[in-house]
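Order of the sequence lines fixes the chain letters, A, B, ..., with proteins taken first and strands second; residue numbering starts at 1 for each chain. Predicted, not measured: the structure shown is a model, and the values here were computed from it.
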Amino acid sequence: MLVPSLLPYIAFALIPVGWLVYYSFFRWNGFTEPTYVGLGNYRRVARDGEWWESVVTTLQFTGGRLVLEIPLALALAYVFFRGVRAGTLLRTVYFLPYVLSPAIIGIIFGFLFREVGGQFNQILQGLSLIDEPIKFLGDATNALLSLISVGVWAHVGINMLLFFAGMITIPRELTESAAVEGAGEWKTFRYVVLPLLMPVARVVILISIIGILRSFDLVKTLTDGGPTGATDVMFTYIYRFFFEPETVPQIGYAAALGVTASVVVGIVSVAYLRVVRRNEP
Amino acid sequence: MSAAIGFREGERVAAPPPAPPRRLRRLGAAAWLRRGLLAVLLVGLAAFMLVPLVFGFFASVSPLRQIVSSDPGLLPDSWDWSNYTDAWTRANFARYFVNSVIVTFIVVVFDTLASSMTGYVLARKHLPGQRVLETVFMVTLFIGLTTAMLYPQYQIARSLGIANLLGVSMVEYAGIMIIHVYLIKAFVQGLGTEVEDAARVDGCGFFGTYRRIALPLMAPILITTIVLGFQASWNNYQVPLVFSLAEPDLRTLIVGVSALQYDAVEGMSAYNTVLAGASMALIPIVVVFIVLQRFFVRGWTEGAVKG
């Protein structure tokens with residue numbers, strides 16, 4: 001009874017991991033015979049300035065997303081936890097972007113962000129907030145900020161929902177007695193709700209971090225790493241060496257990059273867990 | 001205390017009762033102001049979430065010359081559904097749509113059967129090596145080479161002779177199965193074993209007990225995994241992208257739209273068709289989401305809390 005799920009698992013989840021690690025020690029274009037190069041690919045990874053730039057971009061993207069997404073999601077979850085009219089409807093609307101394909105979201109926003117005739121520029125110019133159209137995607141900093149904004153737009157709903165699900169397990173008596181003792185909303189949130197939510201919040205933030213570090217779809221369709229590689233994240237950078245090479249595919253080198261990316265994700269996750277553990281009471 | 005009741009209390013404080021103490025009335029006004037501000041913020045945010053989608057949709061029914069002009073305005077000049085028929089016929093979207101349906105169907109059906117069996121076995125049997133298997137599951141989940149694995153996945157599918165829609169489905173399944181198996185396992189562990197024991201006594205084998213007794217009992221969690229599987233597969237971009245690089249006929253809707261977008265950026269095709277295609281890719285999932293939203297919500301919250 002295990003066979004139906006173990007076969008695809010072994011073929012498409014387990015073997016590819018070993019495959020990548022193995023070929024990361026070879027130079028190979030995917031067609032001719034692979035040549036063993038030892039740690040050569042990894043030495044090249046260490047020296048590859050563009051790669052480390054994409055790692056930095058990935059970290060900036062992750063940091064920017066978290067800084068905006070997590071507080072906003074927490075605030076919304078708390079508002080719904082305290083109760084508002086039409087709460088269910090509002091939660092549905094906020095969550096909706098999350099169920100849509102990130103690749104399609106990237107395409108639609110790419111259209112709305114256009115410099116000439118783009119809807120956002122039209123609105124901003126119509127309101128006389130800007131004189132010249134903004135190059136949302138044509139400038140390195142703006143492109144990263146645009147990516148972050150769209151990422152927040154798409155993901156704030158899921159984080160809100162998860163925080164909300166954590167909050168409704170908090171016994172009502174606790175928040176009510178806080179109210180009786182004269183605690184305002186902020187104090188109730190800060191000293192009653194937030195400490196009790198921390199176990200859930202830690203997991204939610206960890207899942208977010210890992211997910212953002214592995215971003216591909218949205219970046220690929222919204223900026224495709226542009227302008228000129230400025231918004232390349234780890235996995236869009238790796239993808240090129242496999243499937244969109246300038247000359248021939250460099251499978252061995254791409255595999256080494258993939259392994260390195262996995263290590264980067266691991267290091268960031270462990271560092272995050274260290275930090276939250278240390279701050280535990 | 002429910003939201004509606006809380007709100008009405010606020011109203012009562014604000015409505016001036018006979019000779020109210022000054023302080024109370026001022027508090028009431030402040031509370032009203034706060035409530036009003038909050039309502040504006042919440043509704044504004046809701047608009048912020050919906051407006052990009054609405055603009056995208058408007059553009060998808062606008063005539064091409066409007067979209068490409070430098071001052072197109074926000075509303076369609078005229079409602080032009082020909083973008084959709086063009087995408088459907090000329091841009092081969094009929095084919096892509098069918099491909100999306102096939103892949104999603106295979107993933108969901110296969111996932112429901114295979115993952116429920118595996119989850120059931122892991123919950124009920126104590127196999128030798130089960131610990132090791134579950135650890136390996138967890139390790140592959142956290143290693144997550146994701147995009148980097150596409151190349152070997154495609155090569156392996158080719159050598160197995162399934163570099164086709166079945167291969168796409170199996171690769172997608174391999175990506176989602178671990179979480180689904182864990183969700184099902186946790187759910188089965190929460191069920192009592194009495195009914196299954198009774199069936200066993202009556203001569204039902206292990207598989208028979210699974211099929212006749214346990215599977216129907218698993219319905220709530222299976223609805224969750226079906227919804228999650230549908231979303232993951234319908235929206236998947238990377239797997240069909242790589243499988244269709246050499247064979248455009250394997251494109252799903254999502255990949256078809258993105259391929260058309262690359263052409264549009266280079267001036268080889270029209271943006272209105274791209275957006276019509278994008279709407280076609282979004283509408284099914286939006287409809288499913290609206291109809292089954294409580295299962296989406298439950299699926300995601302359970303997935304994170306237990307996972």
- Message: Looking at every heavy atom in both B/G56 and A/L112, which two are closest together, and how far apart are they?
- Response: N-CD2, 4.3 Å
- Note on the structure: Nearest heavy-atom contact between B/N235 and A/L100 is ND2-C, 3.4 Å
Does any N or O in the side chain of [X] come within less than 3.5 Å of the main-chain N or O of [Y], such that one atom is a donor and the other an acceptor?
X: B/Y237; Y: A/F216; answer: no
X: B/Q261; Y: A/I107; answer: no
X: A/W153; Y: B/P52; answer: no
X: A/S5; Y: B/T118; answer: no

Would you mind checking which part of [X] comes under 4.5 Å of any heavy atom in chain B, side chain (CB onward), backbone (N, CA, C, O), both or neither?
X: A/V263; result: neither
X: A/V3; result: neither
X: A/N121; result: neither
X: A/F109; result: side chain
X: A/R91; result: neither
X: A/L20; result: side chain
X: A/V17; result: both
X: A/L7; result: neither
X: A/I105; result: neither
X: A/L6; result: side chain

Heavy-atom pairs under 4.5 Å with chain B: which of [options] has the most?
options: A/Q125, A/R114, A/M234, A/Q119; result: A/Q119
options: A/T221, A/I10, A/I238; result: A/T221
options: A/L257, A/T236, A/D224; result: A/D224

- For residues A/W19 and B/Y151, establish whether the separation of their ring centroids is below 6.0 Å. yes
- Item | Centroid-centroid under 6.0 Å between A/Y9 and B/Y173 rings | no
Is the shortest heavy-atom distance from the side chain of [X] to the side chain of [Y] under 4.5 Å?
X: A/L76; Y: B/L45; value: yes
X: B/L241; Y: A/Y239; value: yes
X: A/I104; Y: B/L253; value: no
X: A/I108; Y: B/F57; value: no
X: B/Q238; Y: A/D217; value: yes

Is it the backbone or the side chain of [X] that comes under 4.5 Å from a heavy atom of chain A, or both, or neither?
X: B/F48; value: both
X: B/A157; value: both
X: B/I290; value: neither

- Query: Are A/M1 and B/F206 close enough, and set up right, to give a side-chain contact (heavy atoms from CB on, under 4.5 Å), and what steps lead you there?
  - Reply: CA-CA 10 Å; A/M1 282 170 75; B/F206 186 77; 3.6 Å; yes
- Task: Begin with the C-alpha distance, continue with both residues' side-chain angles, and end with the deciding distance and a verdict on side-chain contact (heavy atoms from CB on, under 4.5 Å) for B/M49 and A/V156.
- Result: CA-CA 10 Å; B/M49 302 312 261; A/V156 72; 3.7 Å; yes
